[in-house]
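Scroll down for the structure; my scribbles are underneath it.
All chains are named by letter (A, B, ...) in the order of the sequence lines, taking the proteins before the strands, and each is independently numbered beginning at 1.
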Amino acid sequence: MYWHNLFVPTLREHPADAEAVSHKLLVRGGFIRQLTAGVYSMLPLAQRTLLKITDIVREEMNAIGAQEFYLPALNPASVWRESGRWDVMGDNMFRLKDRKGAELCLGMTHEEIFTAIARNELRSYKQLPQIWYQIQTKFRDEPRPKSGVLRVRQFTMKDSYSFDLDTDGLDKSFDLHDAAYRRIYSRCGLRFAVVEASSGAMGGSASNEFMVASEAGEDWIASCASCGYAANVEKAVSRLEPVPDGSGLDAPEKFATPGIRTIEALVTFEGGAAAHNQIKTYVCVLDGKLTLALLRGDHELNETKIKDAVGANDFRPAQPDEIFEALGAHPGSLGAVGVTTYPVIADEALRGRTSMTTGANENDFHLRGVNVERDIKVTKWASLRTVKAGEGCPRCDATLEVNKSIEVGHIFKLGLKYSVSMGANVLTQDGREVPIVMGSYGIGVERIMAAAVELYHDADGICWPVSIAPFEVVVTPVNFTDEAMRTAAETIYRELKAAGVDVILDNRDERPGVKFKDADLVGIPFRIVVGPKKLKENKVEFFTRSTKTNEDLDLASVVAHVRNVVAEAKAKLR
RNA sequence: CGGGGCGUGGCUCAGCCUGGUAGAGCGUUCGGUUCGGGACCGAAAGGUCGGAGGUUCAAAUCCUCUCGCCCCGACCA
C-alpha cells in the first residue's frame, strides 16, 4: 500500500468534543469519524486494526473448537418475549415496527437467537457440547454514549454460547473460554486483569470480567497486589477492622434528636454515636417492592449488590412520601427496629453488632442500644457495601486498591435461564429430558482497539502493539522525488512485502516533517527512513515508535533484519 | 431523565454582553521559493451563522420553540 492512495484524514488539532485519549487520537489519526451520538464510522486504518483483532479472536475461538455463525441483527419481538427480556431491556433496546405493524428489535446480544436454534436442532446429549459464536454488530440505546468508541450505541461484539449437558460440562466450556480470552488479550498486546463480576440481569452463577486499567474506564475494580484477588466493586468484598461496641442495653432506648437528619449530624450530637456505631437505613424500591437496606453508618450502598442480593432487575431510591407512608417518618429518622412488613436486607458488616444507634421511625427521635440480631428482623444478610481502597484484602493480609478499568470482555455461566424459559432440552443417556446448561461469553472488539490506545500512546500519538497496528512498518523516503531515495525505498518496500511484512510506503510529496508526524500519530510500530546522507553510505535508519530509538542499518541487510524484528515483536505477544 | 456547556467555511475558534457590509489560524486550489520533525511568499475558492417562528427599518447578535452534539449525574448483559 502506498500512503498516497490510502484515506488517512489526520488532523492537526484534537477534536473539540473529545475527552478520552483514545477518542482524541483515533479521530486525529484518521481512524474513526462520528456519524451521530454513539455511532462511528470505521475508516480504513481502524478497519485494518479491527480485522487484525477479529483474526486473532477467530483463531483462538476456533482453537477451542468453537464454530462461527452469522446471525441476524434484526430480531422479532417474539423470541425476546419468550426469554422475558423484551420487558427487562426497557429503553436500552432499539425497537421498531415493520410495515405490517409487527414488532422487531435490533439485537443487543444473541442468547435468544442461538437458543432458538439450539432448541430446534439439539435433541440428544450426543450432540453436546457445542460452542457457537459470531462476530456481529450489536445495538444498545445507551442513555449516554461517551468516550469515543468506548461507550456506543452500535458496536461489534464477538459473542459465543456454550451448550452442555451438565454443570461439569459448563465449567469446562467456561474454562476454555477463560483460557482463550487470556490468549486473545495477550496477543492483542493488552495488559489486563481478570476479575470476579456481578452476573446482573444476565442471570447465572459465575462470571469473570476482563478489564484493562484506564482512566477512561467506567468500572471500578478492587484488587490485591499481594495475592491477586480482583473483583468489580459491584461484587468485591473486603476485610474490615473490628469496631468496638458499647456495653449494650437490655432493650433499645428512644431519645430525642431534634433536627438531626444525617449520620454526620448525629456523630456530633450530644448523646449521639460515631458513624460506625450507627445503622444507616436506606429505603429503596426493588422491582416495585419497598425494601430496607441496612448498612453501617459510614458505609455506602452498592446498587448492583442489593439487586443481586434479592435477584431484582430494577432499583430506585424510594420517594420521601412513600417512605413516610410505609414507616411513619422521613429520611433522617428511619430505622428497621420493629419493621416486619417489608424485607430488611442487612449488610454483613452489621452482623453481631450491638449498642448501635439508628432512627426510631419517628421524626426527631433515634434509638440507641440496638442489638442488630436481637432487635431487627433481618430478612437476608448480604454484602451490600461498596469497598474502598485501603481496606483489607478478603483473602490475605494485604490491602486493596481500587482502580478504574475498561471492560473488554465478560464470560458468564448462564445455567438454565434461557434453556428453561425457551424450552431448549435434550435427552440424556437414560432417556430423561433435561434443559441444556448454557454459558455466554462476550468480547467488545472496538473496545480492544480503544483500550490499546489508552494503554499505549504518548504526546505524539498512538504506539500500537504490532499485532493490531494498521501497518507494521512504514518506509519513509525523505524525498520521494529523488531518484536514488525513491528507488531504495521502493525496493525495501517490495522486498518487505514479499517477506510477509505488513508495510506501507509513504510516497507523498510532503516535507519529511509531515510524514514523520503522521507516522507517529497513526502509531505505526516501526519506520524505515531513507535519507540522502545515510543512503550515500548505503545505510537507512530504523526507528522504533514505542521507544523512539533509532539505529542505522545496511541497505543490504535491512529487509531481513526488519522482518525478524517484526516477527520477534509479534512472538512476544503470544 | 436531572444539571451544565456548545452549535459561525473541511478543522480549531473569535464576533453575540452593547443589533448595522461575516472574521482569524490551520487545511484546500493556483504560482513561485523551499525540502530531515506539521516551511515561506503571493493569489484564490469556500459560510442559508443548526432549524423554525417572533421583535426590529435592520438579527450570527435580542425573545420563544425546536433539533443536534459534548460534559457531570442517574442509568448501563
Using atom P of each nucleotide, how far apart are B/rG9 and B/rG23 to the nearest Å? 14 Å

Contact under 4.0 Å: A/T36 side-chain N or O vs B/rC69 OP1/OP2: yes

What is the distance, rounded to the nearest whole Å, between atom CG of A/D482 and atom P of B/rC35? 13 Å

In whole Å, what is the span from the CZ atom of A/R316 to the P atom of B/rC1? 18 Å

Contact class for A/R527 (heavy atom, under 4.0 Å): base, sugar-phosphate, or nothing? base

A/Y456-A/S546 side chain donor-acceptor pair, cut-off 3.5 Å: no

Whole angstrom value for the distance that separates P of B/rG10 from CG of A/L11: 14 Å

Rounded to whole angstroms, how far apart are NZ on A/K24 and C1' on B/rC70? 13 Å

For A/E13 and B/rG25, give me the distance from atom CD to atom P, rounded to whole Å. 13 Å

How is A/P532 classified with respect to the nucleic acid when contacts are heavy atoms under 4.0 Å: base, sugar-phosphate, or nothing? base

Collect all protein-nucleotide pairs involving nucleotides 73-76 of chain B in which both atoms are nitrogen or oxygen and the distance is under 3.5 Å.
unit_1, atom_1, unit_2, atom_2, d
B/rC75, OP1, A/E303, OE1, 2.2
B/rC75, OP1, A/E303, OE2, 2.8
B/rC76, OP1, A/K307, NZ, 3.0
B/rC76, O2, A/R151, NE, 3.4
B/rC76, O2, A/R151, NH2, 2.1

Hey, does the side chain of A/Q34 come within less than 4.0 Å of B/rG68's phosphate (OP1/OP2), counting only N and O? no

Check: A/F114 ring centre within less than 6.0 Å of A/F69 ring centre: yes

Check if the side chain of A/E541 and the base of B/rG36 share a donor-acceptor pair of N or O atoms closer than 3.5 Å. yes

Specify the separation, in whole Å, of atom CD of A/E19 and atom P of B/rG4. 19 Å

Can a side-chain donor-acceptor contact be found between A/E300 and A/Y282 if the only test is distance below 3.5 angstrom? no

For B/rG38, does the base pair up with any side-chain atom of A/D518 as donor and acceptor (N or O, under 3.5 Å, distance only)? yes

Of the candidate nucleotides B/rG36, B/rG27, B/rC69, which contains the atom at the shortest distance from the side chain of A/D17? B/rC69

Quiz question: by atom type and distance under 3.5 Å, do the side chains of A/S160 and A/K158 form a donor-acceptor pair? yes

Whole-Å distance between B/rG36 P and A/K533 NZ? 7 Å

Determine the contact category for A/R33: base if any of its heavy atoms lies under 4.0 Å from a base atom, sugar-phosphate if only primed atoms, P, OP1 or OP2 are that close, otherwise nothing. nothing

Would you say A/H110 and A/K138 are linked by a side-chain donor-acceptor pair, where the criterion is simply a distance under 3.5 Å? yes

Starting the side chain at C-beta, find the nucleotide from B/rU12, B/rG38, B/rG36 nearest to A/K517. B/rG38

Quickly work out the A/D506 CG to B/rC35 P distance and round it to whole Å. 19 Å

Given RNA chain B, 5'-ward residue of the pair A/H14 and A/A18, judged by closest heavy atom: A/H14

Of all heavy-atom pairs between A/L414 and A/S440, which one has the smallest distance, and what is that distance? CD1-CB, 3.5 Å

Return the pairing partner of B/rG42 with a 3.5 Å limit on both distances, Watson-Crick or G-U wobble; otherwise return none. B/rC30

Please tabulate, one pair per line, each protein N/O and nucleotide N/O from nucleotides 29-34 of chain B that are separated by under 3.5 Å, including the distance.
unit_1, atom_1, unit_2, atom_2, d
B/rU34, O2, A/R511, NH1, 2.8

